[in-house]
Amino acid sequence: MAEHVVFDNNAYKRIAPPRLAAIIAAERSRGVTALASMAVLQELFARARDPVNDQRGRNRAAIRKMGEHCRVTDGSRTSINFLSHTDCQVYRLLTGAQHPDDTERFDLAADLIRVITEASVDDPLLSIAMPLDAVQRTVEAVESEYVHDLQQVAEGRTTNEPNLMKRNLEYAARVVRRTEAQYGAKFDLLRATGALVEVMKLTSVGFAVRDAVVAEMKAKGGGYGQHRNTVWDEEIMAATSMYTTINGAPVIVVTEEERLLTAATVAKASDRIFNIAAYERLLGLAGTERRDADG
């Protein structure tokens, strides 16, 4: 059965183009569909104009590699296969339909990928400055809120539910409330406990990431500031779980982050999340443990 695969930020940054090309060829021969994660793209777009040359170059190169990996050509038309963000997935789960705004987001993201791919590393990207500004503001707000939440936990200002299952349900409920705010919707979860359980399943690996970080913060009593980017790890992990399928086929996530590989094991989804070398072996390619040069 055909599967779907999502690479995270660090996977695209670390893999060299020739190695990615071999993976793309193997995927296409096996019917594997590569999906561009909106969560990964948000972080990359927000840093595509980084004032530091090396950082700017790494982020733009990652966007180019994602565009190559996830593009699909139908005759003369080329498009990108996207995987929606968590809120979109939850909205669709609870309503049975995709929100119209999400189609517009995908179209805009595809256009931004095209412009950045065609631009030089020193191009100021003036033609897409407004949407990049908007993404950057969103990313900064999300990261700041995430750090604030961790600070509240680390400093003992919020209580932490001792029961693992209840913590997982609380996490799912927060995601649902966030989805309501995002779309201006209202879900009656008091009458739909089963739906909340489905959200809990969908976000099980993301919850495992958050739970591990919270435990670390409580043990240290601090260190929350270093986890600004961890919010995107949670988001990409919402791409899969032991229950997740698209049209009946599982979704695989490829990452080089040990924290995410550990979280997958905790959430019983280790057969869905691999590092690059393990994923190559899954495709029947000769894997390598070396770190790729940036391309």
Going from [atom1] on [X] to [atom2] on [Y], what distance comes out if it is rounded to the nearest 0.5 angstrom?
{"X": "I273", "Y": "E257", "atom1": "CD1", "atom2": "CD", "answer": "12.0 Å"}
{"X": "S144", "Y": "Q151", "atom1": "OG", "atom2": "CD", "answer": "11.0 Å"}
{"X": "R60", "Y": "I63", "atom1": "CZ", "atom2": "CD1", "answer": "8.0 Å"}
{"X": "L285", "Y": "R19", "atom1": "CG", "atom2": "CZ", "answer": "9.5 Å"}
{"X": "L44", "Y": "M66", "atom1": "CG", "atom2": "CE", "answer": "5.5 Å"}
{"X": "E234", "Y": "N229", "atom1": "CD", "atom2": "CG", "answer": "12.5 Å"}

So do the side chains of [X] and [Y] get within less than 4.5 Å of each other, counting heavy atoms only?
{"X": "I116", "Y": "I128", "result": "yes"}
{"X": "R92", "Y": "S84", "result": "yes"}
{"X": "T86", "Y": "T203", "result": "yes"}
{"X": "E27", "Y": "L283", "result": "yes"}
{"X": "V72", "Y": "I80", "result": "no"}
{"X": "D8", "Y": "L260", "result": "yes"}
{"X": "M200", "Y": "V197", "result": "yes"}
{"X": "I276", "Y": "T255", "result": "no"}

(message) Checking K201 against E198 for the salt bridge (charged side-chain N to carboxylate O under 4.0 Å, His left out) test, could you report, in this order, the C-alpha distance in whole Å, the side-chain angles of both residues, the deciding distance, and whether it holds?
(response) CA-CA 5 Å; K201 291 178 179 179; E198 291 304 310; 3.4 Å; yes

Sidechain N-carboxylate O distance under 4.0 Å for [X], [Y]:
{"X": "E235", "Y": "R178", "value": "yes"}
{"X": "D211", "Y": "R167", "value": "yes"}
{"X": "E256", "Y": "K13", "value": "no"}

Is it possible for you to say whether [X] and [Y] belong to one hydrophobic cluster, with membership spreading through side-chain heavy-atom contacts below 4.5 Å?
{"X": "M165", "Y": "V199", "value": "yes"}
{"X": "V266", "Y": "I252", "value": "no"}
{"X": "M130", "Y": "I113", "value": "no"}

Closest heavy-atom contact between [X] and [Y]?
{"X": "L125", "Y": "L132", "value": "CD1-CD1, 3.9 Å"}
{"X": "A11", "Y": "V254", "value": "CB-O, 3.6 Å"}
{"X": "I236", "Y": "V6", "value": "CD1-CG1, 3.3 Å"}
{"X": "N81", "Y": "A34", "value": "CB-O, 3.5 Å"}
{"X": "A36", "Y": "L41", "value": "CB-CD1, 4.4 Å"}
{"X": "H4", "Y": "L35", "value": "CB-CD1, 3.9 Å"}

Pairing residues for [X] by the ring-ring contact (aromatic ring centres under 6.0 Å, His included) criterion, not counting sequence neighbours:
{"X": "F45", "value": "none"}
{"X": "Y146", "value": "none"}
{"X": "F106", "value": "F82"}

Who pairs with [X] by side-chain hydrogen bond (donor to acceptor under 3.5 Å, both in side chains), at least two apart in sequence or on another chain?
{"X": "R105", "answer": "D102"}
{"X": "H227", "answer": "E216, T230"}
{"X": "R49", "answer": "D133, Q136"}

(request) Mind jotting down which residue pairs meet the ring-ring contact (aromatic ring centres under 6.0 Å, His included) criterion with at least one end in residues 198-223? Sequence neighbours excluded, please. (result) Y171-F207

(message) By the ring-ring contact (aromatic ring centres under 6.0 Å, His included) test, which pairs, at least two apart or in different chains, include something from residues 251-281?
(response) F7-Y279

(request) Using the test side-chain contact (heavy atoms from CB on, under 4.5 Å), find all partners of S270 that sit at least two apart in sequence or belong to another chain. (result) T265

Does [X] have any salt bridge (charged side-chain N to carboxylate O under 4.0 Å, His left out) partners at least two apart in sequence or in another chain, and if so, which?
{"X": "E143", "result": "R47, R228"}
{"X": "D101", "result": "none"}
{"X": "D122", "result": "R56"}

(request) Report the C-alpha separation of R272 and V205 in whole Å, then their side-chain angles, then the decisive distance to 0.1 Å, and conclude whether the side-chain contact (heavy atoms from CB on, under 4.5 Å) test is met. (result) CA-CA 10 Å; R272 301 292 184 90; V205 187; over 6 Å; no

(message) Quiz question: by atom type and distance under 3.5 Å, do the side chains of T103 and Q98 form a donor-acceptor pair?
(response) yes

(request) Scan K65, R64, R71 and name whichever one has a salt bridge (Lys or Arg N to Asp or Glu O under 4.0 Å) with E68. (result) R71

(request) If the plane angle is over 60° it's perpendicular, under 30° parallel, otherwise tilted; pick one for Y91 and H99. (result) perpendicular

(message) So for atom CD, which belongs to E145, do other residues, nucleotides or ligands contribute more than 12 heavy atoms lying within a distance under 6.0 Å?
(response) no

(message) Strictly distance-based, threshold 3.5 Å: is any side-chain N or O of S29 a donor or acceptor partner for the main-chain N or O of A26?
(response) yes

(request) In sequence, state the C-alpha distance, the side-chain angles, and the governing distance for V90 and L94, and then conclude on side-chain contact (heavy atoms from CB on, under 4.5 Å). (result) CA-CA 6 Å; V90 170; L94 297 180; 3.8 Å; yes

